[in-house]
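Here the structure is laid out as structure tokens; the discussion comes afterwards.
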Amino acid sequence: KQEVTQIPAALSVPEGENLVLNCSFTDSAIYNLQWFRQDPGKGLTSLLLIQSSQREQTSGRLNASLDKSSGRSTLYIAASQPGDSATYLCAGGVGNQFYFGTGTSLTVIP
Amino acid sequence: DGGITQSPKYLFRKEGQNVTLSCEQNLNHDAMYWYRQDPGQGLRLIYYSQIVNDFQKGDIAEGYSVSREKKESFPLTVTSAQKNPTAFYLCASSIISSNQPQHFGDGTRLSIL
């Protein structure tokens, strides 16, 4: 069974700082890796999806990388803003299912 | 606008009562999923369906039931057999392809009276 771990569980940074969120997974047979954002009491919003044949994806200030051999993915957020404050979750697709990490709660301090 | 609608937003259940959570999508997605989210535990899969009239159990299906009579609808029933139903329930859908993301509804928060 796929196990997905996210470290750190919580992170607080001053506005403007660049930061990296980490996601590790145990089953390298994933066919994609997704990063999501979740605001309090809300559903998940897809940020980036990396297929297993890709190494990274970029969208605006966000860059996600995937290293299947080491079982790791990172989400890089450049020039953080208070509006980036949310919980960030990663999920690995294996077979017909997606396995989620427990998330990193990010607070960007103005 | 295309999207996933979950209702109600808040739901309360009495002991011994079954309750049904609604999930409707107008994205024309084949696959639909139900997840349960508890504090500090991430999302866990309850049931999923890739085609009408067919569905599969996820990791925590006990005490839950689903149906998929229409492509756009995937209701979840929390039965009285589910002893700890208090949680945030999320419905998702996707195109069955490795390059397509899951789309989520805004969730239903279920509490016990």
Do B/L45 and B/I60 come close enough that some side-chain heavy atom pair is under 4.5 Å?
no
Please list every donor-acceptor pair closer than 3.5 Å that links chain A with chain B, giving the two atom names and the distance for each.
from	atom 1	to	atom 2	distance (Å)
A/N32	ND2	B/S98	O	2.9
A/Q34	OE1	B/Q102	N	3.2
A/Q38	OE1	B/Q37	NE2	2.9
A/Q38	NE2	B/Q37	OE1	2.9
A/Q51	OE1	B/S98	OG	3.0
A/N96	OD1	B/Q50	NE2	3.3

Comparing B/G107, B/P101, B/G42, B/G105 against chain A, the one with the most heavy-atom pairs below 4.5 Å turns out to be B/P101
Are the side chains of A/T74 and A/L21 in contact, using a 4.5 Å heavy-atom criterion?
no
With side chain to side chain contact (heavy atoms under 4.5 Å, CB included) as the test, would you mind laying out the steps for A/E17 and A/I77 before giving the verdict?
CA-CA 9 Å; A/E17 191 164 297; A/I77 302 177; over 6 Å; no
Above 12 or not: heavy atoms from other molecules or residues under 6.0 Å from CD1 of B/I51?
no
Would you call the rings of B/F104 and A/F36 parallel, tilted or perpendicular, taking 30° and 60° as the class edges?
perpendicular
Name the region of A/L44, side chain, backbone, both or neither, that has any atom closer than 4.5 Å to a heavy atom of chain B.
both
Rounded at 0.5 Å granularity, tell me how far SG in A/C23 sits from CZ in A/F100.
11.0 Å
Counting C-beta onward and ignoring hydrogens, is there a side-chain heavy-atom pair between B/C23 and B/I4 closer than 4.5 Å?
yes
